[in-house]
Amino acid sequence: MVLIGKIGYLIMIIDSHCHLDKLDTSHYADGLAGLIAAAQADGISQMLCIGVDTDQFEPMMSQIKEYDFIHASAGLHPLGVKDLDCLNLLEQQAQHDKVVAIGETGLDYFYQQDNAALQQQAFAAHLQLSKRLRKPVIVHTRDANADTLTLLRNEADQTLGGVIHCFTEDWAMAEACLNLGFYISISGIVTFNNASALREVVKQIPMDRLLVETDSPYLTPAPYRGQQNEPKHVRLVAQYVADLKGVSLAQLAQQTSDNFTQLFLTPR
Ligand code: NI
């Protein structure tokens, strides 16, 4: 917590999933540095900047390298997988000191089903890499619960762990992932009018397995829908989740920060 004047303190929150290299920062005089400073001023203590492609990894890393409170991941997004030729390069990139996780990876049959076999091969490779390097995996799953669980169960052992990011599935899926030892991360979708089923799921997720994220620049929470999302808006997600759980924002922030540290920053 950071003291503000004599009267209060700023609750510190971690954005567990953002794409800083995809943000339009033209409205900040000093670009990304200004956006990051704005997030810090709003109490965002750490961010995890997510890799989606080996081609975009080095440029992303050069943008965040000076910030020790911004971590990175290395992965191939399921909607971007074209072949498996870059897996060796991915393995090299994943060993970078700043890289605390593998992904995002996973399966998305909502937007793309014709290459399901390729998505599955890439996902399996990420899971195996995650276990080899002892870095947790960041999983994207949409309309692919059965296959996602099959692949996770195929690789399940004491070295497998990670998070189902931007969770939007039902309680059965949440429970299955929790039983595999996974954390569940909630994005701004939880604030959307049509997300009442998700809100009921969030109420059931144990506090010690929850993370919050923006997935910025996507999925801007209410009341800023229509604008670009930014890491500072993770505060709105956290407040919304805290209200659903019947806890204070400070409690939610502390618990999700502890969870983040446990999952990503503690040697496995
Ligand atoms: Ni993402």
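In each ligand, atom 1 is the first atom listed, and ligand 1 is the first ligand listed. The structure presented is a predicted model; accordingly, all values stated were derived computationally and were not measured. Just so it is clear, the values below take in all heavy atoms, side chains as well, and ignore hydrogens, waters and symmetry mates.
- Under 4.0 Å is where a charged nitrogen must lie from a carboxylate oxygen, and between Asp157 and Lys131 at least one such pair does.
- Phe192 and Val201 fall within a single hydrophobic cluster, where Ile, Leu, Val, Met, Phe, Trp and Tyr side chains are chained together by heavy-atom contacts under 4.5 Å.
- Taking the centre of each ring, Phe260 and His71 come in below the 6.0 Å mark.
- The Ni ion (ligand 1) has no N, O or S atom of Cys166 closer than 2.8 Å.
- Nearest N, O or S atom of Asp215 to the Ni ion (ligand 1): atom OD1.
- Within His17, NE2 is the N, O or S atom that lies nearest to the Ni ion (ligand 1).
- We find that Arg142 and Glu169 are not joined by a salt bridge, their nearest charged nitrogen and carboxylate oxygen being 4.0 Å or further apart.
- Considering Thr214, Leu23, Ile50, Ile70 as possible partners of Cys18, the one that fulfils the side chain to side chain contact (heavy atoms under 4.5 Å, CB included) test is Thr214.
- In His19, the N, O or S atom that comes nearest to the Ni ion (ligand 1) is NE2.
- The atom of Glu104 that is an N, O or S and sits closest to the Ni ion (ligand 1) is OE2.
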